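Note that this is a predicted model, so its numbers are computed, not measured. The residues of the chain are indexed from 1 along the displayed sequence.
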Amino acid sequence: MDANEILDYCLTKKGVTESFPFDNETLVLKVGTKMFLLMALEKQPLGINVKTDPEWSAELREQYPQITGAYHMNKTHWNSVMVDGLKRDLILKMIDQSYDLVFNSLTKKVKENILNHF
């Protein structure tokens, strides 16, 4: 997958916004006010950071050398994923879980607002 495919997929989800709060190269995707995906647009090979369940994170890191604890983030919950060599379905599953974990952590009011307005 390339950056445009990942971005397009993420933007199909309810309430997703994109911004560059850190620099001009790191795209941050949020649901509500919380990040669920970061993507370094200028770096090759393409890498993303996603939030995953801690148990699954450990399994992914053991199974795939492209997946490691995310730099500058809570490594229990966040993974850095080098996209090259990974199956599209796995990448999408990680994106889905990241979105779902973050969405579910939002307040009831924010969740209802997203569900009713997007």
Quiz item: Nearest 0.5 Å, what's the OG1-CG distance between Thr52 and Asn79?
Solution: 4.0 Å

Quiz item: What do the steps show when you test Lys51 against Met73 for side-chain contact (heavy atoms from CB on, under 4.5 Å), and what is the final call?
Solution: CA-CA 10 Å; Lys51 189 171 190 174; Met73 300 182 86; over 6 Å; no

Side-chain donor-acceptor pairs under 3.5 Å in residues 28-49, sequence neighbours left out?
residue	atom	partner	partner atom	Å
Lys34	NZ	Ser105	OG	3.3
Asn49	OD1	Ser80	OG	2.9

Quiz item: Honestly curious: do Leu27 and Leu11 fall in one hydrophobic cluster under the side-chain, below-4.5 Å linking rule?
Solution: yes

Self-check item: Side chain proximity check, Leu7 to Glu18, heavy atoms < 4.5 angstrom
Solution: yes

Quiz item: Can you find a pair of side-chain heavy atoms, one from His72 and one from Trp78, that are under 4.5 Å apart?
Solution: no

Quiz item: For the atom pair CG (Asp89) and CG (Asp96), what is the distance rounded to the nearest 0.5 Å?
Solution: 10.0 Å

Quiz prompt | Heavy-atom check, side chain of Tyr64 versus side chain of Val81, under 4.5 Å | solution = no

Quiz prompt | Enclosure of Asn116 CG (heavy-atom neighbours >12, cutoff 6.0 Å) | solution = yes

Quiz item: Side-chain contact, heavy-atom cut-off 4.5 Å: Ile6 with Asp2?
Solution: no

Quiz item: Under 3.5 Å, side chain of Asn104 to main-chain N/O of Asp100, donor-acceptor pair present?
Solution: yes

Practice problem: Locate the shortest heavy-atom distance separating Lys93 from Trp56; write the atom from each residue and the value. | Solution: CG-CH2, 3.8 Å

Practice problem: Kindly determine whether Leu60 and Met94 satisfy side-chain contact (heavy atoms from CB on, under 4.5 Å), including the steps that lead there. | Solution: CA-CA 10 Å; Leu60 289 168; Met94 286 187 284; 3.9 Å; yes

Quiz item: Given Gln66 and Asp84, is the side-chain contact (heavy atoms from CB on, under 4.5 Å) satisfied, shown in steps?
Solution: CA-CA 8 Å; Gln66 302 96 318; Asp84 285 355; over 6 Å; no

Quiz item: Where do Leu90 and Leu86 come nearest, in terms of heavy atoms and distance?
Solution: CD2-CD2, 4.1 Å

Quiz item: Atom CD of Gln97 and atom OG of Ser57: how far apart are they, to the nearest 0.5 Å?
Solution: 7.5 Å

Exercise. For residues Met1 and Leu92, determine if any side-chain heavy atom of one lies less than 4.5 Å from a side-chain heavy atom of the other.
Key: yes

Exercise. Flag the pair Arg88 / Tyr9 as yes when at least one side-chain heavy-atom distance between them is below 4.5 Å, and no otherwise.
Key: no

Quiz item: Out of curiosity, Leu101 CG to Leu106 CG, how far, rounded to the nearest 0.5 Å?
Solution: 11.0 Å

Quiz item: Could you give the distance from CD (Glu112) to NE2 (His117), rounded to the nearest 0.5 Å?
Solution: 11.0 Å

Quiz item: If you round to the nearest 0.5 Å, how far is CD of Glu62 from CD of Glu59?
Solution: 7.5 Å

Quiz item: Checking side-chain contact (heavy atoms from CB on, under 4.5 Å) for the pair Phe103/Leu115: CA distance, chi angles, key distance, verdict?
Solution: CA-CA 10 Å; Phe103 181 84; Leu115 294 173; 3.9 Å; yes

